[in-house]
Novice: 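Pasting in a structure now, in structure tokens, and then I'll have a few things to ask.
Reminder, nothing fancy here: chain letters follow the sequence lines and each chain counts from 1.
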Amino acid sequence: MRLSRFFLPVLRDTPKEAEIVSHQLMLRAGMIKQSAAGIYSWLPLGLKVLNKISKIVREEQNRAGAVEVLMPTIQSADLWRESGRYEAYGKEMLRIVDRHDRDILFGPTAEEVITAIVRDSIRSYKDLPKNLYNIQWKFRDEIRPRFGVMRGREFLMKDAYSFDISPEAARRAYHRMFVAYLRTFARMGLKSIPMKADTGPIGGDLSHEFIILADTGESQVFCHRDLIDGAVPPATTDFDGDLSEVIDAWTSKYAATEDMHDAARFEAEVPADQRVSARGIEVGHIFYFGTKYSEPMGAKVQGPDGQMITLQMGSYGVGVSRLAAAIIEASHDANGIIWPLPVAPFEVALINLKVGDSETDHVAGDLYSKLQANGIDVLMDDTDERAGGKFATMDLIGIPYQLVVGPKGVKAGEAEVKNRRTGTRETMPIEAALDYVVQRVHESLVQV
RNA sequence: CGGAGCGUAGCGCAGCCUGGUAGCGCACUUGCUUCGGGAGCAAGGGGUCGGAGGUUCGAAUCCUCUCGCUCCGACCA
């Protein structure tokens, strides 16, 4: 992409409504534009990030055996009356009346829709297990939206739903998502920690929130230090096999959010020098809820013995749009965002210091096509802005590698490579610089 | 919904108390000079002062209502 053709409305001053750094930087970097309270447009740069996050989520869901669907944003109130939640859900649900005076709603979640689909389509235990997910916009009419897309009213969520014939099978489905989540967040450069969460009326031990540690997090969390650098299951993990070893490794040590925190247990189980008390951002939440929806909605299959079995369900959410903000909270500096490469809107910024100088233009153009030929997502700064402004913009929007060419370097046959994260700058022969960034990008994309 | 603020140019702000017909910085346009890490000079463009009523000869400014946004509490991916 050529910067001259891109749409990148960056701001030099911080808009006053932005309180936390991710919100400030998303506005300044031209990623989002507020449309109403808690409702945002995603501008090209932000959308690229959102899509990269979605892609990773999708790949890991697929790897874990989940199957993608796409459910509507607008749902029927009748479906919600079946589960009893139309009355129970409260004002957070945006209720709409259509022209025929029918009650509809903007979906805050999709248990009812998916349960109806599965109920109507699946008859036999042989069709199970199934895990269906979608990445779709949700709307929750939060009392107080804040922190930009971190707590928006409209947000992009990956929600998966598992269907099984027994609690044991449902537990295995839960474990698959547990592992998928560890991998998903790790691939975005985040250190996530699964923490025991409130299970609601069902009870049991099958609900975890996945938390990213960040000072601006909304909840207070407590855990064992070892969990911060816990081992992430490899891409070769057999999701059809026994995952309990991984689960045990991650759940045997103390980790709880404020709601579930037991100070006495924390002190008894965790040595003082291993105790971590910090702020955290919830980026994922997984749940096992048994027959809460399948029972009232009549989602049953026939078992091997001919008896009807009410489906065991779980649901698994990832805040996709929230992740864009969470990643920035976890990775930025005074100059702007520092994108982990797998979610960076562009992998390389190609900076032409002297647009109009025919030699430099030629070298830049050549590098641009070679980077593209190598599959690199490159943003070429072909504007006539001054050098300082170009660097400031690329630093602000957080492109991992900056490949810099100018008349002096071109005469000497050299280019400069800058690493956004470390700030290091190296001058090397032009071809070597090209190989260097191409190799670095490819290395970073190798899946953990 | 309770409590506290704020709406003046794309962004950041001043002006309001004490009414006299709108200003500053950045950004933008043009020209010249500069040009390897947010340049200088000069000349410009852009605002029904959130909206509606009212008071007044006259309202960004005073009064009433209203809408929007933000922050502090209860909700959540």
Novice: Given the C1' atoms of B:C11 and B:C28, what is the spacing between them in whole Å?
Specialist: 12 Å

Novice: Between C1' on B:G10 and CG on A:Leu43, what's the gap in Å once rounded to a whole number?
Specialist: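 So the two atoms are 13 Å apart, to the nearest Å.
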
Novice: Could you tell me whether A:Thr14 contacts a base, only the sugar-phosphate backbone, or nothing, with contacts defined as non-hydrogen atoms closer than 4.0 Å?
Specialist: sugar-phosphate

Novice: Could you check whether A:Asp159 pairs with A:Lys138 (Lys NZ or Arg NE/NH1/NH2 to Asp/Glu carboxylate O, under 4.0 Å)?
Specialist: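 So A:Asp159 pairs with A:Lys138 through a salt bridge.
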
Novice: Using the C1' atom as the point on both nucleotides, what is the distance between B:G5 and B:A9, in whole Å?
Specialist: 23 Å

Novice: Rounded to whole angstrom, note down the C1' distance from B:A59 over to B:U55.
Specialist: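 Taking atom C1' in both B:A59 and B:U55, they lie 10 Å apart.
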
Novice: In plain terms, say whether A:Glu60 and A:Arg183 are close enough for a salt bridge, that is, a side-chain N and a carboxylate O under 4.0 Å apart.
Specialist: yes

Novice: Are A:Asp395 and A:Lys418 ion-paired here, with the side-chain N under 4.0 Å from a carboxylate O?
Specialist: yes

Novice: State which residue, out of A:Arg322, A:Met150, A:His332, fulfils the side-chain contact (heavy atoms from CB on, under 4.5 Å) condition with A:Ser22.
Specialist: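 Answer after filtering A:Arg322, A:Met150, A:His332: A:Met150.
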
Novice: If the C1' atom of B:C13 is compared with that of B:G7, how far apart are they to the nearest Å?
Specialist: 13 Å

Novice: Could you write nucleotides 32-42 of chain B as a row of B, S and -, 5' to 3', where a protein heavy atom under 4.0 Å of any base atom gives B, of only sugar-phosphate atoms gives S, and otherwise -?
Specialist: --BBBBBB---

Novice: Over 60° means perpendicular and under 30° means parallel, so classify the ring planes of A:Phe287 and A:Phe289, tilted if in between.
Specialist: tilted

Novice: Let me know which of A:Arg153, A:Glu154, A:Arg95 forms a side-chain contact (heavy atoms from CB on, under 4.5 Å) with A:Phe106.
Specialist: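 The single option meeting the side-chain contact (heavy atoms from CB on, under 4.5 Å) with A:Phe106 is A:Glu154.
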
Novice: Reading nucleotides 65-77 of chain B 5' to 3', which nucleotides get B (base under 4.0 Å from a protein heavy atom), which S (sugar-phosphate only), which -?
Specialist: ----SSBBBBBBB

Novice: I'd like to know if A:Arg5 pairs up with A:Asp382 as an ion pair, taking the criterion as any Lys NZ or Arg NE/NH1/NH2 lying under 4.0 Å from an Asp or Glu carboxylate oxygen.
Specialist: no

Novice: Would A:Arg81 count as a cation-pi partner of A:Tyr86, with NZ or CZ less than 6.0 Å from the six-membered ring centre and within 45° of the ring normal?
Specialist: yes

Novice: What distance, rounded to whole Å, do you find between the two C1' atoms, one in B:A77 and one in B:C67?
Specialist: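 Looking at atom C1' only, B:A77 and B:C67 are 31 Å apart.
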
Novice: Is the shortest side-chain N to carboxylate O distance from A:Glu82 to A:Arg119 below 4.0 Å?
Specialist: yes

Novice: If the P atom of B:U48 is compared with that of B:G31, how far apart are they to the nearest Å?
Specialist: 28 Å

Novice: Could you work out the separation of B:C57 and B:G2 based on their P atoms and round it to a whole Å?
Specialist: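 Pairwise P distance, B:C57 against B:G2, rounds to 39 Å.
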
